[in-house]
There are 2 protein chains.
Amino acid sequence: MPVEVIGVGASLKDVAARAGVSVKTVSNVVNGRARVAPHTREKVERALAELAYRPNLSARHLRRGRTGVIALALPGLDAPYSAELARLVIGAAAERGWAVLIEQTDGLADRELRVLQGLRERLVDGLVLSPVSVGREELAARTDGTPLVLLGERVLDGPVHHVDIDNRRAAREATEHLISLGRTRVGVIGARDDPRAGTARLRLAGYRQALEAAGLPRDERLAPPVRSCRRADGAEAMRRLLELDEPPRAVLCFDDLLALGALRVLLSAGLRVPEDVALAGFGDIEDGRYSTPTLTTVSPDKDRIARAAVELLAACIGGTGRAGREDGGAAGGRDVEAGHRLVVRESTAGA
Amino acid sequence: MPVEVIGVGASLKDVAARAGVSVKTVSNVVNGRARVAPHTREKVERALAELAYRPNLSARHLRRGRTGVIALALPGLDAPYSAELARLVIGAAAERGWAVLIEQTDGLADRELRVLQGLRERLVDGLVLSPVSVGREELAARTDGTPLVLLGERVLDGPVHHVDIDNRRAAREATEHLISLGRTRVGVIGARDDPRAGTARLRLAGYRQALEAAGLPRDERLAPPVRSCRRADGAEAMRRLLELDEPPRAVLCFDDLLALGALRVLLSAGLRVPEDVALAGFGDIEDGRYSTPTLTTVSPDKDRIARAAVELLAACIGGTGRAGREDGGAAGGRDVEAGHRLVVRESTAGA
DNA sequence: TTGAAAGCGCTAACAC
DNA sequence: GTGTTAGCGCTTTCAA
């Protein structure tokens with residue numbers, strides 16, 4: 001029984017014709033929605049197999065009003081933290097049968113804006129954005145109704161869903177840990193010149209809280225600003241710190257990559273970590289578990305973050321049909337605060 | 001002039017009604033395909049703006065037969081090499097206006113098969129797969145007609161497009177470099193028990209070629225197999241090598257992550273790199289540029305790989321319409337061999 | 001240059 | 001339990 005031409009692909013109609021039933025029946029078999037008689041089902045399934053039927057998802061999406069695809073917009077996948085998070089978001093989405101489309105913003109304002117304004121509108125049912133450059137105004141001005149969840153930056157009172165950890169508290173705890181080692185000069189790498197960089201601002205605030213609580217003076221030279229969170233930025237900032245008359249004996253980095261860049265500079269300079277300088281990071285990326293020394297870090301509950309983001313989107317998108325779009329999270333965004341913990345490793349241990 | 005209700009979104013018909021023209025005219029304006037009178041255009045554009053029109057991509061895709069979306073199926077984004085490559089593929093695709101949907105296979109055969117069999121067929125115009133577990137038979141048995149490009153594993157004589165570097169030669173060159181340091185016992189980390197692991201096999205062959213050419217004996221104990229390419233696997237393999245009566249004085253790793261795991265074990269054991277053991281990897285991931293010592297590695301031309309993959313897909317997918325699908329790369333796959341170079345860094349320099 | 005209408009493949013209301 | 005049919009929003013002949 002030779003298979004008919006496959007070509008571009010068989011449609012429901014083709015299958016129906018071959019099985020000698022109606023399109024509806026085939027659709028029922030494919031979707032398993034309605035009851036269909038065993039005999040009929042068998043006929044249909046044979047035709048389905050013979051024609052190697054595959055549903056045309058574009059058609060299904062057009063009809064259903066939903067696509068089962070969400071977009072994840074990140075600065076870039078080359079940052080391990082982003083990659084690890086992307087992996088988890090993709091996993092959480094897969095559990096709902098959703099596919100994930102990645103948009104790279106490089107942290108650039110215009111790219112983030114384009115994403116917000118519906119670059120892929122109605123191709124995606126929802127959007128998870130990790131914003132770097134856009135702020136409250138841009139979000140408020142959004143006309144695209146696609147449900148949105150923000151990661152990693154709290155936009156105060158924003159009418160938008162949001163998932164993050166308590167950055168201020170995490171930074172405070174990490175700083176307290178450094179101070180508890182007996183270090184009174186504690187530097188910080190990761191401050192930003194751009195005051196809109198919300199996450200960095202919050203972490204800086206936490207760092208300062210800890211200094212203050214310990215009665216340590218604030219010294220702006222101990223907080224050299226960075227442009228981004230790459231290893232090179234951490235390395236450069238660390239060089240600046242080492243040039244000070246009195247360099248810090250401990251440094252908190254707002255990103256593990258910054259810490260790894262800084263670590264490289266310290267070791268190259270012949271300094272011992274943690275004996276001469278203790279070092280802590282943020283993110284708990286896998287690299288830090290294998291660096292020498294291993295890296296003390298604030299470990300956000302990434303799994304929780306990913307799941308929460310997907311769940312919030314699911315709540316916006318709603319059950320069936322195209323309802324729920326109008327909401328778009330507009331009615332007062334919900335905030336989910338994922339947990340975090342300080343993971344103490346060699347870069348601060350036994351110092 | 002209050003904006004009409006936006007709700008779910010305006011369609012071409014709505015815009016046409018508002019502008020007092022036909023749907024066709026609006027479509028022409030939106031797509032810029034046909035000439036349209038300035039006056040008409042202006043009317044239409046105003047209506048477009050007022051209604052905040054966004055094309056429904058599902059409908060467009062259904063009609064055009066193409067979606068402008070490709071899938072990139074990788075073991076996982078948490079491997080830096082994959083993440084770096086994904087970034088480049090996304091960039092190359094973006095230049096063509098394509099979006100990229102990421103599928104995570106975790107290197108599992110069933111997941112890779114599902115992807116091959118059209119998990120997202122007709123939602124994506126093409127598929128780039130980095131196979132780990134599937135082999136020639138599975139590819140031959142494929143019924144899904146979606147254009148396919150394979151990364152990183154050459155499937156001999158397979159009827160499928162393929163992009164890779166010359167793995168055998170690269171491994172030979174790297175091994176020669178290690179031998180040139182005067183090391184006569186050269187180990188290798190990354191061999192696989194599974195003979196289908198093509199890339200590992202090719203690299204192992206290159207390693208052996210180099211040993212043979214240098215007149216060095218082959219010692220299977222110097223090639224402990226690994227299960228995957230994570231740091232932990234490299235660490236474990238390195239421990240095994242250190243337990244030998246006569247441990248190697250140089251080690252080639254088939255992946256930078258393996259090398260970083262191995263490095264950690266060496267340093268923890270109090271050994272110096274490269275003085276006691278020289279170490280080289282594969283992939284040139286950013287981590288290796290910031291480890292201490294920095295990592296000598298085979299650097300594949302990732303940009304070329306990414307671009308070639310996208311270009312091959314573009315060639316399959318063809319110009320317009322739904323033609324080209326039938327090809328699916330079936331008519332004798334093309335192979336693109338991207339370049340590579342050995343980047344010598346501290347982990348082997350001056351040893 | 002613009003309009004009318006067919007139809008991409010699917011789903012779901014409505015008949016039988 | 002199954003068939004008929006009307007669209008989802010878009011592109012694109014074919015006419016005017």
Side-chain angles (χ1 to χ4, degrees), chain A residues 7-45 47-48 51-68 118 121-123 125 319-323 325, chain B residues 7-44 47-48 51-68 118 120-123 125 319-323 325:
Chain A
V8 181
S11 73
L12 277 190
K13 206 165 72 175
D14 303 329
V15 177
R18 186 177 187 99
V21 299
S22 79
V23 176
K24 174 69 197 303
T25 304
V26 181
S27 175
N28 281 339
V29 171
V30 170
N31 293 296
R33 286 215 206 287
R35 282 195 124 31
V36 21
H39 176 61
T40 319
R41 166 181 298 275
E42 199 193 327
K43 272 195 309 190
V44 171
E45 278 176 344
L48 244 19
L51 295 177
Y53 171 78
R54 314 276 179 164
N56 181 319
L57 295 182
S58 287
R60 182 177 280 176
H61 296 161
L62 171 59
R63 183 61 232 225
R64 288 190 181 161
R66 295 205 278 115
T67 64
E121 195 187 14
R122 292 198 251 177
L123 174 60
D125 293 336
T320 55
R322 71 207 55 198
R325 273 217 116 93
Chain B
V8 180
S11 73
L12 277 190
K13 205 165 73 176
D14 302 330
V15 177
R18 186 176 187 98
V21 299
S22 79
V23 173
K24 172 72 199 302
T25 304
V26 182
S27 174
N28 282 339
V29 171
V30 169
N31 293 298
R33 288 215 205 286
R35 282 192 124 32
V36 24
H39 176 63
T40 318
R41 166 181 299 275
E42 198 192 328
K43 272 194 308 188
V44 170
L48 244 19
L51 294 177
Y53 172 78
R54 313 277 179 162
N56 180 319
L57 296 183
S58 288
R60 181 177 283 176
H61 295 161
L62 172 58
R63 183 61 232 231
R64 288 190 181 163
R66 296 205 278 113
T67 65
R120 309 278 176 199
E121 197 187 13
R122 293 198 248 176
L123 173 59
D125 293 336
T320 55
R322 71 206 57 198
R325 272 218 116 92

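Throughout, protein chains are lettered first and strands after them, A, B, ... in sequence-line order, and every chain is numbered starting at 1. Given the structure is predicted, the values throughout are model-derived calculations rather than measurements.
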Should [X] be listed as having a side-chain N or O under 4.0 Å from OP1 or OP2 of [N]?
X: A/Ser22; N: D/dG3; result: yes
X: B/Arg60; N: D/dT11; result: yes
X: A/Ser58; N: C/dG9; result: no

Least distance between heavy atoms, [X] atom then [Y] atom:
X: B/Leu51; Y: B/Ala10; result: CB-CB, 3.8 Å
X: A/Ser58; Y: B/His61; result: OG-CB, 3.4 Å
X: A/Val15; Y: A/Val44; result: CG1-O, 4.3 Å
X: A/Leu48; Y: A/Val30; result: CD2-CG2, 4.1 Å
X: B/Arg66; Y: B/Asp125; result: CA-OD1, 3.4 Å
X: B/Val23; Y: B/Lys13; result: CG2-CA, 4.1 Å

Could you give the [atom1]-to-[atom2] distance, from [X] to [N], as a whole number of Å?
X: A/Arg54; N: C/dC8; atom1: CZ; atom2: C1'; value: 20 Å
X: B/Leu51; N: D/dG9; atom1: CG; atom2: C1'; value: 15 Å
X: A/Lys13; N: D/dT4; atom1: NZ; atom2: C1'; value: 14 Å
X: A/Leu123; N: D/dG9; atom1: CG; atom2: C1'; value: 14 Å
X: B/Lys43; N: C/dT1; atom1: NZ; atom2: P; value: 15 Å
X: A/Leu12; N: D/dT5; atom1: CG; atom2: C1'; value: 14 Å
X: B/Arg66; N: C/dG9; atom1: CZ; atom2: P; value: 15 Å
X: B/His61; N: C/dC10; atom1: NE2; atom2: C1'; value: 16 Å

So which protein N/O to nucleotides 12-16 of chain C N/O distances come out below 3.5 Å?
from, atom 1, to, atom 2, distance (Å)
C/dA12, OP2, A/Arg33, NE, 3.4

Looking for any heavy atom pair under 4.0 Å, which part of the strands does B/Thr40 touch: base, sugar-phosphate only, or nothing?
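Sugar-phosphate only.
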For B/Ala59 and for B/Val36, locate the closest nucleotide of DNA chain C by heavy-atom distance; then report the residue assigned to the nucleotide nearer the 5' terminus.
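Looking at the nearest nucleotide for each, B/Val36 comes out on the 5' side.
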Counterpart residues, side-chain contact (heavy atoms from CB on, under 4.5 Å), relative to A/Arg41 (two or more places apart)
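side-chain contact (heavy atoms from CB on, under 4.5 Å) list for A/Arg41, sorted by chain: A/Val29, A/Val36, A/Glu45.
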Which nucleotide in the set D/dG3, D/dG9, C/dG3 lies at the smallest distance from any side-chain heavy atom of A/Val21?
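So the nucleotide nearest the side chain must be D/dG3.
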